[in-house]
Amino acid sequence: QFHTIKYEDLKWDESLGQGSFTRIYKGYRTDIRDGEKHCTEVLLKELDACHKNCWESFFESASLMSQISHKHLLLVYGVSVHGEKNIMVQEFVKYGALDLYLKRGKTVSVSWKLDVAKQLASALNFLEEKNIVHGNICAKNLLLAREGDSSQGISPFIKLSDPGISLAMLGKHVLLDRIPWVAPEVLISSENLTLECDKWSFGATVWEVFNNGNSPLKGYNLKEVPKRRFYETFQRLPPSQWAELADLINHCMDYQADFRPSCRCIIRQLNSLITSDYEILHSTEPVAQ
Ligand code: ATP
Ligand code: MG
């Protein structure tokens, strides 16, 4: 059910760090198309040896991504197996993860952020129509393919990355670590994983984007205040000053899963947000009369 790529056709380049269960490299793939040899930039995700028992779930994630196609979903070319190595071969996205991009201090406009939210909502709507739960939506898993430039009216362009190892396979500590992106009901049982869980994660991700990639629960990483306390006491993320945006995030992050909005409703709400409202709220410059 998925394309396998010959290990010999892969070339490994620089390391890009580690994921939760993976080592990540830039690389190249050679293949023959129309009788010609092509060399494509790729991203190689190698499953850590200590998690090799999860390879089926890892490959399932690859298979899922290669079976569906949407402009805001990352392309997965296939998988490659070499001895003990399990590798996912995917599209290389130029500007990398969105959280890091924003944390680097790039200033982007509100309409830029709103565009990102709309693009993610359209990917989510596509998944919802296909009845596919992603399960790992967060700013780290949004990859930036085009920076865009608000002054020239060019939008950014994002792609949602693969979900990786299924939530059902993950240990409790990994799930706790995914607070506030993972929906609270999933911590009770991974059988509670539904389309509604992605709505919760969407809310947390939009929060991150509008807060420049900052971690939503900074203060909760301390031992004295375990993250799980956040859910146990039904906390909410600090609301945006932009009331309409705060409403949308709150609606998505409703502790009661069936109160969360449908994607159509999310898209409608996003489309009704007028950036100038926000800009007036935050402008420090006197408004011209
Ligand atoms: P998880 O399953 O938790 O998402 P992962 O294995 O996908 O883990 P990440 O932490 O999401 O790993 O990604 C690690 C880093 O690799 C990101 O910060 C990003 O910079 C880079 N990266 C991941 N995928 C791509 C890609 N397709 N193109 C370019 N860079 C990527
Ligand atoms: Mg990822």
Side-chain angles (χ1 to χ4, degrees), residues 1-33 37-70 72-101 103-104 123 132-145 158-178 181-182 190 201 213:
Q1 72 274 34
F2 39 67
H3 188 65
T4 52
I5 294 171
K6 279 201 274 196
Y7 187 73
E8 298 75 47
D9 290 341
L10 298 174
K11 231 171 69 193
W12 299 70
D13 199 352
E14 59 180 310
S15 162
L16 297 178
Q18 275 175 277
S20 329
F21 313 98
T22 56
R23 273 155 213 284
I24 301 190
Y25 301 87
K26 184 177 182 179
Y28 298 89
R29 170 197 182 193
T30 46
D31 64 332
I32 313 281
R33 262 176 284 143
K37 208 167 154 184
H38 289 265
C39 186
T40 324
E41 240 179 5
V42 290
L43 185 106
L44 301 168
K45 242 183 220 191
E46 186 189 335
L47 187 62
D48 282 337
C50 57
H51 296 291
K52 65 170 185 276
N53 58 317
C54 295
W55 70 271
E56 273 181 300
S57 180
F58 183 65
F59 281 3
E60 232 167 75
S61 155
S63 150
L64 167 78
M65 296 300 284
S66 46
Q67 280 172 45
I68 50 183
S69 152
H70 184 271
H72 294 299
L73 289 179
L74 183 81
L75 269 174
V76 171
Y77 299 125
V79 298
S80 187
V81 179
H82 182 70
E84 297 267 88
K85 288 182 165 193
N86 296 303
I87 305 144
M88 193 189 304
V89 184
Q90 51 178 240
E91 169 184 13
F92 182 82
V93 182
K94 191 166 175 197
Y95 300 99
L98 191 64
D99 64 330
L100 294 178
Y101 181 84
K103 274 182 196 149
R104 261 181 251 131
I132 296 170
V133 180
H134 183 281
N136 196 3
I137 296 169
C138 54
K140 183 190 74 165
N141 281 338
L142 296 183
L143 301 164
L144 188 62
I158 55 129
K159 297 196 172 214
L160 175 61
S161 180
D162 66 284
I165 294 169
S166 145
L167 286 173
M169 299 283 295
L170 300 180
K172 191 80 178 186
H173 66 285
V174 182
L175 291 182
L176 287 169
D177 213 44
R178 290 204 183 164
W181 295 276
V182 67
S190 63
S201 312

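- One finds the OG atom of Ser80 at 9.5 Å from the NZ atom of Lys85 (value rounded to the nearest 0.5 Å).
- Residues Gly164 and Ser61 share a closest heavy-atom pair of N-OG, 3.1 Å.
- Distance alone, capped at 3.5 Å, places no donor-acceptor pair between the His72 side chain and the Lys159 backbone.
- Between Val93 and Leu74, the closest side-chain pair of non-hydrogen atoms falls below 4.5 Å.
- Contact annotation: the side chain of Tyr28 never approaches that of Thr40 to less than 4.5 Å [non-hydrogen atoms, C-beta and beyond].
- Checking side-chain atoms of Ser63 against main-chain N and O of Phe59 turns up no donor-acceptor pair under 3.5 Å.
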Verdict with supporting geometry, Gln67 and Ile132, side chain to side chain contact (heavy atoms under 4.5 Å, CB included):
CA-CA 11 Å; Gln67 280 172 45; Ile132 296 170; over 6 Å; no
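- Counting only heavy atoms from C-beta outward, the side chains of Thr30 and Lys37 approach each other to under 4.5 Å.
- A heavy-atom distance below 4.5 Å is found between the side chains of Pro163 and Met65.
- With rounding to the nearest 0.5 angstrom, the CD1 atom of Ile5 is 11.0 Å from the CE atom of Met88.
- Of all non-hydrogen atoms in Val79 and Ala62, the two that sit nearest each other are CG1-CB, 3.6 Å.
- Contact detail for Gly213 and Lys103: the closest heavy-atom pair is O-CE, 2.7 Å.
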Please walk me through it: do Ile137 and Leu160 pass side chain to side chain contact (heavy atoms under 4.5 Å, CB included)?
CA-CA 8 Å; Ile137 296 169; Leu160 175 61; 4.2 Å; yes
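- In this structure, a donor-acceptor pair under 3.5 Å is present between the side chains of Asp162 and Gln90.
- For CD of Glu84, the number of neighbouring non-hydrogen atoms (other residues, nucleotides, ligands) closer than 6.0 Å is 12 at most.
- Inter-residue side-chain proximity for Leu170 and Ile165 is flagged as met; some heavy-atom pair is nearer than 4.5 Å.
- Of the possible polar contacts, one joining the Glu91 side chain to the Leu75 backbone as a donor-acceptor pair under 3.5 Å is found.
- Seen from the ring of Phe92, Lys26 counts as a face-on cation partner, given the 6.0 Å and 45° thresholds.
- Formation of a donor-acceptor pair under 3.5 Å by the Ser66 side chain with backbone atoms of Gly78 is not found in this model.
- For the atom pair Glu41 CD and Arg29 CZ, the distance stands at 14.0 Å (nearest 0.5 Å).
- Judged purely by atom type and a 3.5 angstrom limit, Ser161 has no side-chain atom pairing as donor or acceptor with the backbone of Asn141.
- Taking the side chain as every heavy atom from C-beta outward, Leu175 and Leu167 approach each other to under 4.5 Å.
- With values rounded to the nearest 0.5 angstrom, Tyr101 atom OH is found 14.0 Å from Leu142 atom CG.
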Go through it in stages, so that I can follow the logic: the residues are His3 and Val76, the test is side chain to side chain contact (heavy atoms under 4.5 Å, CB included), and I'd like the CA-CA distance, side-chain angles, deciding distance and then a yes or no.
CA-CA 9 Å; His3 188 65; Val76 171; over 6 Å; no
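- Using a 3.5 Å distance cut-off with no hydrogens or angles, the side chains of Lys45 and Tyr25 do not pair a donor with an acceptor.
- Taken from CH2 in Trp55 to CG in Leu47, the straight-line distance is 11.0 Å, to the nearest 0.5 Å.
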Can I get a per-line list of side-chain donor-acceptor pairs under 3.5 Å for residues 10-24, giving both atom names and the distance, sequence neighbours left out?
residue, atom, partner, partner atom, Å
Ser15, OG, Gly17, N, 3.2
Thr22, OG1, Gly19, N, 3.3
Arg23, NE, Asp48, OD1, 3.3

Residues Ile68, Leu73; criterion side chain to side chain contact (heavy atoms under 4.5 Å, CB included); working and verdict
CA-CA 8 Å; Ile68 50 183; Leu73 289 179; 3.7 Å; yes
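- Between the OG atom of Ser166 and the CG atom of Leu64 there is a distance of 11.0 Å, given to the nearest 0.5 Å.
- At a threshold of 4.5 Å between non-hydrogen side-chain atoms, the residues Tyr77 and Asp31 do not count as touching.
- Listed for the Ser201 side chain is no donor-acceptor partner under 3.5 Å among the backbone atoms of Val182.
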